[in-house]
Structures are given as structure tokens and as C-alpha cells.
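Residue numbers start at 1 and run along the sequence shown. No experiment lies behind these values; they were computed from the predicted model shown.
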Amino acid sequence: YGVHVENLTEEPIRHVSDVLALLSKGAGNRKVGETRMNRESSRSHSVFTCTLESKTTKSGVTSVRYSRLNLVDLAGSERQKMSGAMGERLKE
């Protein structure tokens, strides 16, 4: 139950190059369409969450810190009249 997001994945990473590869993969999966206002208007939302875990040990005591970075890109929201979107493009 709860919210289901189709094709949602969680990937462990170790290097910045891993993050960049995932961002590139996500961008490639997005749907885009042309309007009069924007040649490549995104037609889908995108959420990228990066959770960081940092461990340090001092005097035999291990501390763990967690941080979360959310990158959110909402689908294009051009004004309908100005965008020239019609039919299926308008429904998106």
C-alpha cells in the first residue's frame, strides 16, 4: 500500500562518476516534447534523491551521519495559450 512509483530504483554508489551516470540514465528516460516556448519541454517529473552516509571513528567510538539531497525537476508548465500545445501534447 502507499505510493507506488513505477520503475523506481535505488542504487548504491561509491564515486561521483556513479552519480553522473545515474543522472544521465534518468535524463535519458524522460519524455520530452516540443512546444512553441521550449524545443525540449519535459513532459514528465523527475526526482533524484542522494542519501549520503559518513562514518568516523574516534577513540573507539564510531559515529554515523546521514544527509539527503533531493533534486526535483517538474514537467514543463508553460502557459497553454503561449505554448501552442494541442491534442496529446496538451494532455501531458
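Residue L52 is not grouped with residue L71 when hydrophobic side chains (ILVMFWY) are merged at heavy-atom distances under 4.5 angstrom, including chains of intermediate members. Grouping the Ile, Leu, Val, Met, Phe, Trp and Tyr side chains by contacts below 4.5 angstrom, directly or via other members, places F48 apart from V72. No continuous path of ILVMFWY side-chain contacts below 4.5 Å connects V47 to L8, so the two sit in separate hydrophobic clusters.
With values rounded to the nearest 0.5 angstrom, N70 atom CG is found 7.5 Å from T51 atom OG1.
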